[in-house]
Amino acid sequence: MSKSEVGYADNNISSAPLPSSSGSNDNHNNTANASTGGDMEKVMVPVEDMSNLDESGLKRDLRLRHMVMIAISGTIGTGLFLTSGKTIATAGPLGALLAYVVIGTWLVFVCQAIGEIATLLPLPGAFTAWGARVFDEAFSFQMTYLYLLNWLLTVPAELSASSLIVSFWLPEGSSFPTWVVPVIIIIVLVIINLLGVQVYGEVEYWFSILKVVTIIVFIICGILVDSGAVGGHVYGVENWQIEGAPFKGGFRAFLSVLVSVGFAYGGTELSGVTAAESRNPHKHVPKAVNTVLVRIAFFYILSIFFLSCIVPNNDPRLANTDGTVLNAPFTIVFLKAGMSGGASYMNAVIFTSVVSAANSDFYVATRMLMSLSRNGWAPRFVGRTNNRGVPVIAVGITTAFSCIALVMIYAGASTVFDWLVSIIGSIIFLIWCSILFLHFRFRVCWKAQGNSPDDLPYKSWGYPYGHYLGMIIGTGCVIASFYLSIDNKPDTTKFAGGAMDPAYISARNKWAQGLLGAWFPWLLAIALYFGWKFGKGTKIVNPVEADLDTGRWVPPPKIVEEDSKPVSTWKKILSKVV
């Protein structure tokens, strides 16, 4: 029998007074060192009060619609709208489609792992905090810093794209300083995040609706254009039969696009991060991880399929070397449909997508900083929250890193963006592999303490075989990125101009980009893990002693009563569609 079944749980909490059952935030500046244990007293706490144990200062103001749309909003951005064409141009229609299916399959089981643990332990920092509970504190330390780095780099990557997008509306030869746009966006992001998580959730909800509507319109447009109902030409799958298609460049080209596809999918795991601020994690987290995955697969796979059918993989516009909306794959399809305003419309959508994705990235970065502070891995003041439940110091630090985008514009936004995509994609692979590993470890600890999987508030489906498949895919992707990063080194003897040949310089830079992207995150993770482990003398957690109780959430009677109220039929239908 688990501890929660008998009505009490042994919880390590700080000596500061517990928040009141009314959910007040009087102790919002207190932080707990729950993950590491620290010098804390053992307290027997009634199970009905467990939902009030989180002294991080965060407020549970996110509803289900917010969590679903935040996960969608954090995923659908420049990775799909601007860079998906390069995937088709490199690997061909079948290679691109297969890359999205393979990475999507891996992601399904990653999110299932997140859903199971985040429903039980909706902690600030989410999966980055689990390592200290079930494996080793040093593992959580390196994972949190890597995930923080991921989002601190992603924010400027998104913002740098905004200067390219806005240039579409500027007349040729305009002297307008494009760096002004990222500055304005940064100010907007700071305001949104300072107003609290409920405002953030609402903003992301409406941004997401615009993106979802756009992709639905695109898919409908793709069907009409592909069938010849619009445009006057029946494409069918003829572009899958041209030279180089359907598997352009062979298996090697397929492997080379996996990292960029991982970057495009990155952010789907946000449903685990938002669990700490969900109004009802037991209900919202499972629905978020289940419904979002189906919709993401629908949006991505169908979009890539129709793109590859309508736009041939040898179309030079797909490479989109300048990163402009005119050469964006979605815009090309709208133009083929005779929608002359398609480019302007897509530019507006892509711009809002950049703002939306940057907003999600900004939010996660502040929560990672807060998690570091809460666990004693960063100065305590970094995690302090205001009366709105916002970690204000963390917001300031994230704002400072966001200003890197201004430097990137002068260095060449498109070039730097490609470098960041390479690094970020590899970090995402590392994080996803770590999540699956921690889930396996969690199950070992859960079983060792006499619990059954049926005792969990949400049990991931597909375990363990689906998770084995996910780990095999993830390991294969990492090995492939290592191999390609080394084997792709260009040979000067094959270029007419030798080391000074522009083509060689371009190839060398691309090789260096892949080398840095593939190896840097893993070498940094190893350095962080062993540096903290040997420096602090951390030990691998005994499964029987793993802390699976502190921070466990039990729905208060008020929320249970509200969620049990009957819902009208039209609202049920609307919730399924939207």
Side-chain angles (χ1 to χ4, degrees), residues 13-14 16 19 23-36 38 52-62 66-67 70 74 118 121-129 132 140-141 143-156 186-204 267 270-279 281 358-403 551 553:
I13 62 175
S14 66
S24 66
N25 200 35
D26 295 332
N27 300 299
H28 57 74
N29 284 333
N30 293 322
T31 53
N33 193 13
S35 297
T36 58
N52 297 319
L53 287 178
D54 181 13
E55 295 184 309
S56 64
L58 298 177
K59 290 193 173 184
R60 295 191 178 277
D61 286 335
L62 291 178
H66 295 142
M67 294 188 64
I70 285 171
L121 299 170
L123 307 172
F127 38 81
T128 64
S140 268
F141 175 81
M143 194 175 176
T144 308
Y145 267 104
L146 259 293
Y147 200 57
L148 169 64
L149 176 63
N150 174 74
W151 295 111
L152 289 180
L153 292 179
T154 304
V155 173
I186 290 172
I187 294 173
V188 172
L189 296 183
V190 172
I191 293 173
I192 291 173
N193 280 269
L194 286 179
L195 289 177
V197 71
Q198 188 170 21
V199 173
Y200 161 77
E202 282 297 327
V203 170
E204 285 305 294
L270 290 185
S271 53
V273 179
T274 55
E277 294 173 88
S278 168
R279 184 170 172 272
N359 192 32
S360 292
D361 304 340
F362 198 100
Y363 163 82
V364 180
T366 61
R367 271 45 182 183
M368 289 302 105
L369 282 166
M370 184 176 184
S371 179
L372 287 168
S373 169
R374 188 171 187 257
N375 290 285
W377 305 331
R380 175 166 293 193
F381 69 86
V382 173
R384 289 177 180 170
T385 58
N386 61 14
N387 56 6
R388 292 179 180 270
V390 178
V392 288
I393 305 299
V395 169
I397 295 173
T398 306
T399 302
F401 272 88
S402 300
C403 292
W553 192 80

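Treat the numbers as computed from the prediction; the structure is a model and nothing was measured.
- Side chain of Ser373 to main chain of Pro379: a donor-acceptor pair is present (N/O by atom type, distance under 3.5 Å, no hydrogens or angles).
- Once rounded to the nearest 0.5 Å, the distance linking CG of Leu372 with CD1 of Ile397 reads 9.5 Å.
- Looking only at side-chain heavy atoms (C-beta outward), Asn359 and Ile192 come within less than 4.5 Å of each other.
- The shortest distance between side-chain heavy atoms of Tyr147 and Val364 falls below 4.5 Å.
- In this structure, Thr366 OG1 and Ile393 CD1 are separated by 12.5 Å, a value rounded to the nearest 0.5 Å.
- The shortest distance between side-chain heavy atoms of Met370 and Thr385 falls below 4.5 Å.
- Counting heavy atoms from C-beta on, the side chains of Phe362 and Val395 come closer than 4.5 Å.
- The minimum heavy-atom distance between Pro122 and Gly551, with the atom names listed, is CD-O, 3.7 Å.
- The line from CE of Met143 to CE of Met368 is 9.0 Å long, rounded to the nearest 0.5 Å.
- One finds the CZ atom of Phe401 at 13.0 Å from the OG1 atom of Thr154 (value rounded to the nearest 0.5 Å).
- Within the model, atoms CG of Leu153 and CG of Leu148 stand 9.0 Å from one another, a figure rounded to the nearest 0.5 Å.
- Side-chain contact between Ser371 and Thr128 is present, with heavy atoms from C-beta onward closer than 4.5 Å.
- Side-chain N/O atoms of Asn150 and Asp361 include no donor and acceptor closer than 3.5 Å.
- Ser402 and Pro156 get closest at one heavy-atom pair: O-CB, 4.3 Å.
- You'll find the side chain of Thr398 stays beyond 4.5 Å of the side chain of Tyr363, heavy atoms only.
- In this structure, OH on Tyr145 lies 11.0 Å from CG on Leu152, to the nearest 0.5 angstrom.
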